[in-house]
Amino acid sequence: MLRGIYTAASGMITKQVQLENLSNNVSNINTAGYKKQKVSLKSFEELVLMNKDKQVGDKSFPRRIGTIELGVGIDGTRTNFSQGDLEKTDRILDFAINGDGFFTVEDENGSKKYTRDGRFKIDSEGNLIATNGYKVIGLDENGYEKTIKVNSENITLNPDGTISGTDNLKFLITTFEDKNQLLRDANDFYNSKADGNPVATDIKQGFVEKSNVDTIEVITEMMSIMRSYESSQKVMQSLDETLSKTVNEVGNVR
């Protein structure tokens with residue numbers, strides 16, 4: 001009976017984490033460049049139950065009395081980097097990547113970060129910056145990295161990738177062989193311990209990339225998980241009531 005309670009409890013904990021993850025995806029449906037996350041599961045290894053009630057002479061020896069399975073647990077959270085739909089905004093400082101890679105930006109400590117959110121602004125010093133103030137990094141004609149400074153109101157992304165209104169810089173678009181090693185921070189930017197590689201990709205001016213969260217898919221999954229959670233809850237309540245009767249009634253001597 002206790003085995004069933006353990007299994008039902010581990011299932012409820014897992015479902016709760018999945019619901020929290022889905023809720024986070026729903027809250028970011030309207031976040032530009034957001035990539036949905038999915039909780040991956042794993043099965044617990046079977047546990048062997050032993051006791052020492054085998055007596056030989058004055059010694060006790062272990063004896064296998066069975067096994068217990070604890071159901072499923074959380075293996076980790078993975079990010080789905082699939083392309084989001086592009087939304088036309090006609091804002092000259094909106095850029096969207098239509099393909100592989102990330103915009104490369106630089107934080108206040110000079111560390112590189114990566115994002116798919118191309119809703120840029122211009123700060124008081126003329127730097128092209130991300131929504132939180134990180135400076136956008138570009139490449140000059142010699143392939144050297146430079147933060148992008150804007151010197152004209154006429155900013156146009158040319159067919160060859162250069163940005164007019166700057167020193168003919170191009171966006172530094174970075175890709176990674178293993179995107180699963182990217183770590184998302186609290187501001188929805190990605191960090192990487194490994195160096196990425198510059199990549200030529202299609203960039204659209206006047207567009208933003210929408211979140212890749214599918215509303216119908218998320219709602220359907222939430223309903224399925226809720227039903228599964230309720231089922232585990234009923235199993236646990238039933239086992240708890242049975243256990244309570246066993247303890248309080250079966251052993252009661254009148």
Side-chain angles (χ1 to χ4, degrees), residues 28 30-35 79 81-212:
N28 284 284
N30 295 319
T31 302
Y34 177 82
K35 299 302 178 187
T79 302
F81 289 100
S82 62
Q83 175 77 45
D85 293 335
L86 302 189
E87 181 178 43
K88 194 174 189 336
T89 65
D90 290 328
R91 181 173 175 268
I92 62 171
L93 293 180
D94 282 344
F95 298 89
I97 298 174
N98 185 30
D100 192 20
F102 299 85
F103 292 108
T104 309
V105 297
E106 180 182 272
D107 68 11
E108 59 277 5
N109 298 317
S111 299
K112 286 182 180 177
K113 293 179 179 292
Y114 308 93
T115 181
R116 295 279 296 196
D117 184 358
R119 297 171 299 166
F120 299 138
K121 300 182 292 185
I122 300 174
D123 67 10
S124 58
E125 298 177 349
N127 295 301
L128 192 66
I129 58 174
T131 51
N132 65 346
Y134 293 162
K135 295 176 182 177
V136 182
I137 300 177
L139 292 174
D140 66 16
E141 61 271 20
N142 296 316
Y144 292 112
E145 297 179 6
K146 299 173 65 175
T147 55
I148 298 177
K149 277 208 168 190
V150 177
N151 51 35
S152 170
E153 294 182 354
N154 297 319
I155 302 170
T156 304
L157 185 66
N158 300 312
D160 64 353
T162 59
I163 310 168
S164 63
T166 69
D167 294 334
N168 289 324
L169 299 176
K170 297 181 178 179
F171 285 111
L172 172 56
I173 307 298
T174 305
T175 187
F176 299 88
E177 291 185 6
D178 181 15
K179 294 186 179 67
N180 291 321
Q181 55 88 24
L182 293 173
L183 298 176
R184 191 197 308 246
D185 66 19
N187 296 317
D188 207 28
F189 285 77
Y190 296 94
N191 299 296
S192 174
K193 294 181 180 178
D195 292 332
N197 300 308
V199 62
T201 192
D202 182 28
I203 301 175
K204 304 288 187 185
Q205 185 177 16
F207 287 81
V208 295
E209 181 184 1
K210 299 172 65 178
S211 161
N212 66 350

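Everything quoted here is computed from the prediction, not taken from an experiment.
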Just by distance, do the side chain of [X] and the backbone of [Y] share a donor-acceptor pair under 3.5 Å?
X    : Y    : result
T175 : V199 : no
R91  : F120 : yes
D185 : N187 : yes
D160 : T162 : yes
R116 : G101 : yes
N212 : S82  : yes

More than 12 heavy atoms of other residues, nucleotides or ligands under 6.0 Å from [atom1] of [X]: is that the case?
X    : atom1 : answer
N180 : CG    : yes
N30  : CG    : no
E177 : CD    : no

* Pair listing, side-chain hydrogen bond (donor to acceptor under 3.5 Å, both in side chains) test, anchored in residues 129-146, at least two apart ->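 Found K112-E145.
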* Asked: Taking 4.0 angstrom as the limit, do D123 and K121 come out as a salt bridge?
  -> no
* Polar side chain donor-acceptor pair, Q205 to T156, under 3.5 angstrom -> no
* Asked: Going by atom types only, do S211 and N28 share a side-chain donor-acceptor pair under 3.5 Å?
  -> no
Taking C-beta and beyond as the side chain, do [X] and [Y] meet within less than 4.5 Å on heavy atoms?
X    : Y    : result
Y114 : K179 : no
T166 : I155 : no
T174 : F176 : yes

* To do: May I ask you to check whether Y190 and F81 place their ring centers less than 6.0 Å from one another?
  =>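 Yes, ring centres under 6.0 Å apart.
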* Full working for ring-ring contact (aromatic ring centres under 6.0 Å, His included) between F95 and F103 -> CA-CA 10 Å; F95 298 89; F103 292 108; 7.1 Å; no
